[in-house]
Amino acid sequence: MNIVVCVKQVPDTWAEKKLSADDKTVDREGVDGVMNELDEYAVEEALRIKEAGGGEVTVLTMGPDKSVETIRKALSMGADKAVHLVDPGLHGSDALATSFALAKALGTIEHDLVILGVESTDARMSVIPAMLAERLGAAQLTFARKVEASDGGVKIERQTDSGYDVVEASLPAVVSVVEKINEPRYPSFKGIMAAKKKPLTTLTLADAGIEADQVGLAGSGSEVTEFSPRPPKEAGQIVKDEGDGGAKLAEFLASQKFI
Amino acid sequence: MAEVLVLVEHVDGAPKKVTFELLTLARSLGEPAAVFIGNGYDSAGDDGPKEKLAEYGATKIYVAADGDLDGYLVAPKAEVLAQIVSSASPAAVLIPSTPEGKEVAGRLAVKTNSGLITDAVGIDAGFVARQSIFGGAINVQAKVSRGTPIITVRPNSTAPEAAPAQPTEERVTVELSESATKAKILDRVTEKRGGRPELTEAAIVVSGGRGLGAGENFSLIEKLADSLGAAVGASRAATDAGWYPHTNQVGQTGKTVSPQLYMAIGISGAIQHRAGMQTSKTIVAVNKDPEAPIFELVDFGIVGDLFTVVPQLTDEIDKRKA
Ligand SMILES: Cc1cc2nc3c(=O)[nH]c(=O)nc-3n(C[C@H](O)[C@H](O)[C@H](O)COP(=O)(O)OP(=O)(O)OC[C@H]3O[C@@H](n4cnc5c(N)ncnc54)[C@H](O)[C@@H]3O)c2cc1C
Ligand SMILES: Nc1ncnc2c1ncn2[C@@H]1O[C@H](COP(=O)(O)O)[C@@H](O)[C@H]1O
């Protein structure tokens, strides 16, 4: 089975995330990048499916040059090869443009199963997997907390508010995974060494057959018009419990009309 | 005035509160038109979906109830909406910012080649959406620049206000495409669920963390929640330990909540937890460590042992209610 796992490099969780003043996009240059934590689960799940049933795992990333760090991490975890879609023209792509570009890049890779994280920690939209399924005309099996995949098809447990849905489809399919699904492995020393020799293909817009006005700020369907840091919160009242902490808290809640 | 479509989120026909919030918001922007997809529209009586949607101001209701719409995942809803968008040319489409709502919105954006904005906390004239990003650190205004604005709106962003209307009804005939019926739902499994409000919809959320020390101590949180009519949330430390179901986790890898009141009990306030609750209107914490980062966010905090503070608080609330 040909499995493609989409991973994204995002600003480190602990870094102060910023929007750049000039074009109002996420500042990715000024901060340390890490693999979107949720995508580690996607990589792990892809590797497990391959280990159980055979096949090949390809990593796909769209992002600036430094996203190579994230690609290397996925390769050192055990993915077989990687495709990096990188082009200055991609800068500022929103979900509409990103899903378009990823679908185009996927057009250059053989794939039966595409696996993604359920959400990126910077954009936090949680829409790319569904949009990609729509663009590819493939089955959408998202929010999976359990995946069973074989050449015959895929069955997942989709996490819902009240429990889970059992959903089934034949291939090709797009799957997104929640963090409950597995425990991602750490790259071993051997894995890190091996990763350096694994094939990495770089795609420009032209290589992927993408026109300049289909992606980037020009190809996006939405734009940030203004932004400002949230006004600092007024310092709250903090009281040490002297035996009447619960009562004091009740008083506060009553004063705010919650009781 | 042009129609503003609102996708009705419902359970077996009964619309959820967020639907009324969106109808209220839509009314400030155009003609609110509800889109009801799935089973249950005709079954309910006086308090049925039609009456409720009318009560909150829907001037039109599109109903797509035939076919096996509930048997497939997400795609059919986007297909129905796309069909209505192309025939009605609405000014915008508003969809609840729930996991499924966002997926429907994403697919609809692709189908109609339209811009998409998710997780709006408000919408102003000209469909300028307000968002709060990076765990609440930055407020953003965003606009759709192509096609029909498709905006998902977070539950609890607007107070629902009744404004009775006499809606017209339009039945939508659906012919699902082959590609919309690829992901079949074989079974829907309901795991444990009390009579409490749903986490993302609740006006009050009481969350417990590692400070509770053991799963059985979540009964303290549940009692407090029930005294306030609140939903129960949990930190990842608590769900990872198996003390509370993962579906109740609040944070970066759990639910995003934005209630009127959020109470963090025995939760330190790690950045990943904050990401899911920081936009709550009022924040309260009980923690024995005065240095816990959660105190940077609170409107009111008690430094103390939750095992004495929480029972006293619950008693006090019950007394005041009696
Ligand atoms: C990729 C990733 C994603 C994550 N996603 C999430 C997420 O979605 N949601 C989430 O919550 N976390 C998430 N985390 C985990 C997060 O970093 C923290 O580890 C977690 O939030 C800590 O939970 P906690 O506050 O309950 O526990 P702790 O940090 O251990 O805090 C427990 C608190 O309880 C207090 N306490 C102890 N005993 C008492 C007592 N008797 N009375 C009063 N107070 C007491 C302590 O002083 C302490 O402040 C994520 C982490 C990663 C790496
Ligand atoms: N630029 C990108 N390159 C590769 N994968 C991506 C990219 N953006 C998003 N994804 C994938 O889509 C998932 C959901 O992202 P989002 O919809 O932005 O929250 C992520 O977890 C990734 O797996």
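Atom set for the values below is all heavy atoms of this structure, side chains included, hydrogens, waters and symmetry mates excluded. Here is how names work: the chains are called A, B, and so on, in the same order as the sequence lines, proteins then strands, and each is numbered from 1. All figures in this text were calculated on a predicted structure; none of them were measured in a lab.
When heavy atoms are compared at a cutoff of 4.5 Å, B:V104 does not approach chain A at all. Only the side chain of A:F252 has a heavy atom closer than 4.5 Å to any heavy atom of chain B. In this structure, chain A has a heavy atom under 4.5 Å from the side chain of B:K321, while its backbone stays farther away. If you measure heavy-atom distances from B:Q249 to chain A, the contacts under 4.5 Å come from the side chain alone. In this structure, chain A has heavy atoms under 4.5 Å from both the backbone and the side chain of B:Q260. With a 4.5 Å cut-off on non-hydrogen atoms, B:V110 touches chain A through its backbone and its side chain both. Looking at B:Q278, both its backbone and its side chain come within 4.5 Å of chain A, counting heavy atoms on both sides. Residue contact with chain B, scored on non-hydrogen atoms closer than 4.5 Å, involves the side chain of A:L253 exclusively. Neither the backbone nor the side chain of B:A203 comes within contact range of chain A, judged by heavy atoms closer than 4.5 Å. Only the side chain of A:E119 comes within contact range of chain B, judged by heavy atoms closer than 4.5 Å. Residue A:V26 touches chain B through its side chain alone, counting heavy-atom pairs closer than 4.5 Å. Interface residue A:A138: only backbone heavy atoms are found under 4.5 Å from chain B. The contact between A:L38 and chain B is made entirely by side chain atoms (from C-beta outward), counting heavy-atom distances below 4.5 Å. Using a 4.5 Å cut-off between heavy atoms, B:L228 touches chain A through its side chain atoms alone.
Atom-to-atom distance recorded for B:Q131:CD and A:F227:CZ is 13.0 Å, nearest 0.5 angstrom. Distance check, rounded to the nearest 0.5 Å: CG of B:L186 to CD of A:E157 gives 11.0 Å. In this structure, A:S170 OG and B:K184 NZ are separated by 7.0 Å, a value rounded to the nearest 0.5 Å. Residue B:L261 holds its CG atom at 4.5 Å from CZ of A:F258, rounded to the nearest 0.5 Å. Atom-to-atom distance recorded for A:D94:CG and B:T118:OG1 is 10.5 Å, nearest 0.5 angstrom. One distance of note links CG of B:D187 with CG of A:D165; it measures 8.0 Å at 0.5 Å rounding.
Counting only distance, with no hydrogens or angles, the side chain of A:R124 and the backbone of B:D119 share no donor-acceptor pair below 3.5 Å. Checking side-chain atoms of A:E134 against main-chain N and O of B:A78 turns up no donor-acceptor pair under 3.5 Å. Using modelled atom types, one side-chain atom of B:Q312 and one backbone atom of A:A247 make a donor-acceptor pair closer than 3.5 Å. For B:K182 (side chain) and A:Q140 (main-chain N/O), no donor-acceptor pair under 3.5 Å exists by modelled atom type. Within the 3.5 Å criterion, the main-chain N or O of B:G115 finds no donor-acceptor partner in the side chain of A:S222.
Among all heavy-atom pairs drawn from B:I302 and A:G245, the shortest one is CD1-O, 3.3 Å. Pairing each heavy atom of B:A183 with each of A:L141, the nearest pair is CB-CD2, 3.9 Å. Nearest heavy atom pair, residue A:S220 against residue B:R146, reads O-NH2, 3.9 Å.
At a threshold of 4.5 Å between non-hydrogen side-chain atoms, the residues B:I133 and A:L19 count as touching. A heavy-atom distance below 4.5 Å is found between the side chains of B:V74 and A:R158. Looking at A:M125 and B:L116, their side chains come closer than 4.5 Å, going by heavy atoms from C-beta outward. At a threshold of 4.5 Å between non-hydrogen side-chain atoms, the residues A:V239 and B:V303 do not count as touching. Residues B:E103 and A:F143 meet the side-chain proximity criterion, which asks for heavy atoms closer than 4.5 Å. Contact check for A:V178 versus B:T253: no side-chain heavy atoms found under the 4.5 Å cut-off.
Contact count versus chain B (heavy atoms, under 4.5 Å) is highest, among A:E179, A:Q159, A:K180, for A:E179. Each of A:E242, A:E168, A:K240, A:K248 has some count of heavy-atom pairs under 4.5 Å with chain B, and the biggest count is that of A:E168. Highest contact tally toward chain B, considering only A:G236, A:A139, A:S228, A:A169, is held by A:S228 [criterion: heavy-atom pairs under 4.5 Å].
For the residue pair A:T121/B:Q252, the side-chain donor-acceptor check at 3.5 Å is not satisfied.
Under 4.0 Å is where a charged nitrogen must lie from a carboxylate oxygen, and between A:E251 and B:K319 no such pair does.
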